[in-house]
There are 2 protein chains.
Amino acid sequence: MGNKEIQEQRMRGYFIQATKEILKGEGLKSISVRNIADRAGYSYATLYNYFKDVRDLIFECVVDFQEECETFVISETEKTPAGIEKIKSIAKAYVKYFIQYPGTFELFFLEKINDVANKQPTLKLISNFLDRLSNNDWEYCIDTKVMNKEDAKVKMNTLNFTLVGMLLLYINRRQPETYKEFSEEIENQINSILEVK
Amino acid sequence: MGNKEIQEQRMRGYFIQATKEILKGEGLKSISVRNIADRAGYSYATLYNYFKDVRDLIFECVVDFQEECETFVISETEKTPAGIEKIKSIAKAYVKYFIQYPGTFELFFLEKINDVANKQPTLKLISNFLDRLSNNDWEYCIDTKVMNKEDAKVKMNTLNFTLVGMLLLYINRRQPETYKEFSEEIENQINSILEVK
DNA sequence: TTTATTTAATTAACGCTGTTAATATATTGA
DNA sequence: TCAATATATTAACAGCGTTAATTAAATAAA
């Protein structure tokens, strides 16, 4: 990688870092080209030398946040034994991360996309994120005959969709009204979905 | 109701009608104060004589769309016998409505809200919508001992959250990529959640 | 019916937004 | 050091939601 590429990547990094800080702090509503550039220490137009548009820049943060979330989930669940219990722990940590940083949830699931064709890989990354985090333990359940392959596949999806749905309603619709209620319902849902009959 | 109130309600109706048309047609992205006012046949500033702000106006459409959706669901499911089968039919029709009019899904679940305290009733209405549509049949299942009260409550929520999550990913994240895949997964999820053990 | 007063609708304006063109400033190669 | 290139900045545009000032319409009083 030549000097030019190094410098270019560094510049991109400054803008990405600024964007991540705003998303984690004030959330998506505070994102604007001028706000990002201010924080990065450049003029707003400079941004366009390194990113096609602001949405492109915003979606660059997905991978970084996923890595951060993955690290968090691993550290929160390392003591839990493999299998169903581990899947439950992962699910709870996953939810906990988005509750702690609602801006990342907005980025992953709510932010509109301009060029859908161009972002398909990122969109796939988002939809399958929980699956990637918990895949090992689903496999473990199948291997230990706790459940069959077909059931595992459907339940993995149910868990994913349910958590996303609950997070959407809680973060974007304030339903339920208290975190306590939300937390209890998360517990109920996870237990019910992973109940082995 | 005096003349003044009648006229005021009529004016509000013109703007609401225009907003509904745009939402059903082009979706949330095409909503703007000037666009709504144009369609209603008034200047953009006139809108503020009848609504506090544009979000207030937008959320006025929720009740109307829910009524329309309810009518659709009833007509699509009238031949299905009460109980689990009916709940499945209702769930499918519910999803079908939002797929047909993605703008209504955006309004119900994605549109940001200014004054959350002031909109709590509407937000509750949205979160509990599927429950209201299917409540009779859950009761029926409990009465006919197909399931107990606690299971019914949790499953009702699982179904609600799962459908919202799937719709979010499909409408806002294009996952899965084809309607066929989406449709099959909806079928799988509904059957799995409502499976009686 | 004409005039004065109140009500409602419109235009102009403000401060935002994302993006692009034109300009100014560094940086590089000769 | 000077010319050429690359990069950063300012100015500008068209759009947004909202409000203040202004015009037009409807009502009440004379």
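Protein chains get the first letters and strands the later ones, always in sequence-line order, with residue 1 at the start of each.
Of the possible donor and acceptor atoms, none in the side chain of A/K155 sits under 3.5 Å from a partner among the backbone N and O of A/L194. A donor-acceptor contact shorter than 3.5 Å is absent between the side chain of A/R34 and the backbone of A/Y44. A side-chain donor-acceptor contact under 3.5 Å links B/N35 to the backbone of B/S30. Looking only at distances, no side-chain donor or acceptor of B/D137 sits under 3.5 Å from a matching main-chain atom of B/Y140. Checking side-chain atoms of B/E76 against main-chain N and O of B/A93 turns up no donor-acceptor pair under 3.5 Å.
Using a 30° and 60° split on the angle between ring planes, A/F108 and A/F98 fall in the perpendicular class, above 60°.
For A/N49 and D/dA8, the CG to P distance is 6 Å, given to the nearest whole Å. Between the CG atom of A/L47 and the P atom of D/dA8 there is a distance of 11 Å, rounded to whole Å. Per the geometry, NZ belonging to B/K52 stands 15 Å off C1' belonging to D/dT19, to the nearest Å.
Using a 4.0 Å heavy-atom cutoff across all strands shown, B/F51 reaches no nucleic acid atom at all.
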Inset, instruction - Going 5' to 3' through nucleotides 23-28 of chain D, assign each nucleotide B (protein heavy atom under 4.0 Å from a base atom), S (under 4.0 Å only from sugar-phosphate atoms) or - (no protein heavy atom that close). - result: ------
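Closest of all the heavy-atom pairs between B/I190 and B/K88 is CG2-CG, 3.5 Å. Heavy atoms only, all atoms of each residue included: B/K112 and A/E106 are closest at NZ-OE2, 3.6 Å. Across A/F182 and A/P176, no two heavy atoms sit closer than the pair N-CG, 3.4 Å.
Across the interface with DNA chain D, nearest-nucleotide mapping of A/Y42 and B/D53 shows A/Y42 to be the residue nearer the 5′ end.
For DNA chain C, the contact window with chain B, defined by any atom under 4.0 Å from a protein heavy atom, covers C/dA8 to C/dA13 in 5' to 3' order.
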Please list each protein N or O that sits under 3.5 Å from an N or O in nucleotides 10-16 of chain D, with the distance.
unit_1: D/dA11; atom_1: N7; unit_2: A/Y44; atom_2: OH; d: 3.2
unit_1: D/dA11; atom_1: N6; unit_2: A/Y44; atom_2: OH; d: 3.2
unit_1: D/dA12; atom_1: N6; unit_2: A/R34; atom_2: NH2; d: 3.4
unit_1: D/dC16; atom_1: OP1; unit_2: B/S32; atom_2: OG; d: 3.4

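Looking only at atom types and distance, the side chain of B/E70 has no donor-acceptor partner in the side chain of B/Q66 under 3.5 Å away.
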Inset, instruction - List the steps and the verdict of side-chain hydrogen bond (donor to acceptor under 3.5 Å, both in side chains) for A/Q17 and A/E21. - result: CA-CA 6 Å; A/Q17 184 56 34; A/E21 285 172 19; 3.3 Å; yes
